[in-house]
Protein chains: 2
Amino acid sequence: MMNEGIERVSQIIPQMPAVEARLCRLMLMVGSSLEEELEFKLKPHKLNHSDFLTLMILYSRPDGSSTPGELCEFATQGATNMTRITNALVKRGLITRGASAEDRRRVLIRITAAGKRFVQKMLPPMFPRVSAMFADFSDADKRNLSRLLGKLAHNLDQLDPDTQP
Amino acid sequence: MMNEGIERVSQIIPQMPAVEARLCRLMLMVGSSLEEELEFKLKPHKLNHSDFLTLMILYSRPDGSSTPGELCEFATQGATNMTRITNALVKRGLITRGASAEDRRRVLIRITAAGKRFVQKMLPPMFPRVSAMFADFSDADKRNLSRLLGKLAHNLDQLDPDTQP
DNA sequence: ACATTTTACTTCATCAGTGAAATATGATTT
DNA sequence: AAATCATATTTCACTGATGAAGTAAAATGT
C-alpha cells in the first residue's frame, strides 16, 4: 500500500533512493506506532512519554537524583518542558525539587519512596505486551535489529548538525 | 548510557524483559530522531510531517486524487486534522477541493500541477541525506532491517486493539 | 572590586495536534 | 416518506511542546 506509493513516485523520479526511502517510512511508521502503544499503556497512570522517561531516568539512578539540565539532556527535552514535567511530578509526590548546596543555581530533583513504589507497580503490567511485540523474534533477530538501529541512530547523529537541505 | 539505566532497572525488577525493553527504547529514539530530521528538511518548505505525507499520498496516486476520509486512513490522521491540512494546502494552491459527482457527500481532493511541480522540486534535495543514513548498510542489512521492522509493525498491529494493560 | 558573561531555570505567550460534540448534507434502508 | 447511516466540516476545550524574555547565581575578565 505504501510500497506501491513509493514505487510510483520512484518511477516518476528515478534518482530517488527508493529502498532507503521505504526504510525511512517504515521506521517512522513503526516508531509512531510504538509511541502510540506506549502512551496507551501510560494513560491509565496519567503519564505521558516524557513524564515516564523522566521518572525512569531518576529511578534508574543509583542515588535517585539528578538536575533539570541533566534530565533535559537524557530525555532530549527542552528546559521549558522539563520545568512543566517536574512541576507535574512534584505535585503528585513522585519526586522532590530542592536547591543544591554547592551551586545554588542548580535544582536537585530526587525520586521519592512513593515514586519508586509507583514505578515498581506500574512497570510489570507492561511486560507481557513488550514481550509479545518480539515474540516471534529469534535471538539473532534481536541482535540484528539492535545492531541496525544502533547504526542508523549513529548515522542520524552525524547528519543532524548540517545546514538546510 | 541508556543501557546502564535499563540494566539497573532490570536488576531491581528481574522479571523485566530487558532485551526487549532496550529494543523499544532504541526504536523510539531512532524514530523520533528520524522524525526530527524529516521535519527539519520540511521546515524550509513550510510543511510539517502530516502535510508532507498527505501531499505525497496524492502525488503517488495515478489520478492524483483522493478523499478526506481516505487520506485520514492512509496518513493515520484524525478528520479534524485532515480538514486543517487540506485547508492549508488548498490555500497554497498545491491541491484543490471539489465536490464528488457520484456521491455528493464526498469531497474530492486533487493535487494541482503546481503541487506536482512543488513535490518534484523539493524531493531531490532530500535524497543525499536519506542515502547517507544508510550509507554503511549492506544490501543484506537493508533487507534485514526491512524484514524486522515489518515483523514488528505487524506485531504492534495485532497488539493494539487490546484493553488496558 | 566591580562589570560582564555564562549557566541554570522559570514564566509567559503561543501554536500544533487531538478528541468530542454539533451541524450540514447526501445516501440508504425500511 | 421517514428513519438511519455515512461523509465531511466546524467549533471548542484541552494537552503538550516551543521560543523569547526574565531572573538569579556563579564564573570570568579587567
Side-chain angles (χ1 to χ4, degrees), chain A residues 28 31-33 35-40 42-55 58 65-92 95-110, chain B residues 28-29 31-33 35-40 42-43 45-55 57-58 65-92 95-110 160:
Chain A
L28 288 168
S32 71
S33 185
E35 177 101 30
E36 202 179 310
E37 161 70 14
L38 177 59
E39 301 268 12
F40 173 71
L42 293 178
K43 189 166 275 179
H45 306 289
K46 313 267 187 204
L47 287 181
N48 64 21
H49 189 171
S50 10
D51 298 338
F52 175 65
L53 188 50
T54 304
L55 193 58
L58 287 168
S65 78
S66 185
T67 65
E70 215 180 15
L71 290 172
C72 283
E73 190 187 345
F74 295 153
T76 52
Q77 290 287 322
T80 309
N81 219 9
M82 194 46 73
T83 299
R84 188 180 46 74
I85 293 167
T86 307
N87 286 340
L89 295 179
V90 166
K91 191 181 283 182
R92 292 177 63 176
I95 65 175
T96 57
R97 205 194 318 231
S100 159
E102 317 92 54
D103 185 339
R104 281 162 51 209
R105 286 170 303 184
R106 294 201 156 204
V107 168
L108 258 187
I109 293 172
R110 186 176 304 272
Chain B
L28 288 168
M29 284 175 49
S32 72
S33 184
E35 178 102 29
E36 201 179 309
E37 161 70 13
L38 177 60
E39 301 268 12
F40 173 71
L42 293 178
K43 189 166 277 179
H45 303 103
K46 314 267 188 202
L47 286 181
N48 63 21
H49 190 170
S50 10
D51 298 338
F52 175 65
L53 188 50
T54 304
L55 194 58
I57 292 171
L58 288 168
S65 77
S66 186
T67 65
E70 215 180 14
L71 290 173
C72 283
E73 189 187 345
F74 295 153
T76 50
Q77 291 286 324
T80 307
N81 217 11
M82 193 47 72
T83 299
R84 190 179 45 74
I85 293 167
T86 306
N87 287 340
L89 296 178
V90 166
K91 191 181 285 183
R92 293 178 61 177
I95 65 174
T96 58
R97 209 196 310 233
S100 159
E102 316 92 53
D103 185 338
R104 283 163 51 207
R105 286 169 304 186
R106 294 200 154 204
V107 168
L108 257 188
I109 294 173
R110 186 176 303 271
D160 253 7

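Each chain gets a letter, A, B and so on, in the order its sequence line appears, and its residues count up from 1.
Bounding nucleotides for the chain A contact on DNA chain D, 5' to 3', at a heavy-atom distance below 4.0 Å, are D/dG16 to D/dA26.
OP1 or OP2 of C/dG17 lies within a sub-4.0 Å distance of a side-chain N or O belonging to B/Ser50. The side chain of B/Asn48 contributes no N or O atom lying less than 4.0 Å from OP1 or OP2 of C/dC15.
With rounding to whole Å, B/Phe52 atom CZ is found 19 Å from C/dA16 atom C1'. For B/Glu39 and C/dC15, the CD to C1' distance is 14 Å, given to the nearest whole Å.
Distance CD1/B/Ile109 to OG1/B/Thr96: 8.5 Å, rounded to 0.5 Å. To the nearest 0.5 Å, atoms CD1 (A/Ile85) and CG (A/Leu55) are separated by 10.5 Å. Here OG of A/Ser65 is found 5.5 Å from CG of A/Leu108. Values are rounded to the nearest 0.5 Å.
For B/Arg105, the salt bridge (Lys or Arg N to Asp or Glu O under 4.0 Å) criterion is met by B/Asp103, not counting sequence neighbours. Residues that satisfy the salt bridge (Lys or Arg N to Asp or Glu O under 4.0 Å) test with A/Glu70, not counting sequence neighbours, are A/Arg61. Not a single side chain to side chain donor-acceptor pair (under 3.5 Å) links B/Arg104 to another residue, sequence neighbours left out.
Side-chain atoms of A/Asp51 and A/Thr54, non-hydrogen and from C-beta on, never get closer than 4.5 Å to each other. Side-chain contact between B/Leu28 and A/Glu35 is present, with at least one heavy-atom pair separated by less than 4.5 Å. In this structure, A/Arg110 and A/Leu58 have side chains that are not in contact, with every pair of non-hydrogen atoms separated by 4.5 Å or more.
At a non-hydrogen distance threshold of 4.0 Å, B/Gly69, B/Ala79, B/Thr80, B/Thr83 from residues 69-88 of chain B come into contact with DNA chain D. For the contact set between residues 95-105 of chain A and DNA chain D, defined by any heavy atom under 4.0 Å, the members are A/Asp103, A/Arg104, A/Arg105.
Donor-acceptor pairing under 3.5 Å is recorded for the side chains of A/Asn81 and A/Arg84.
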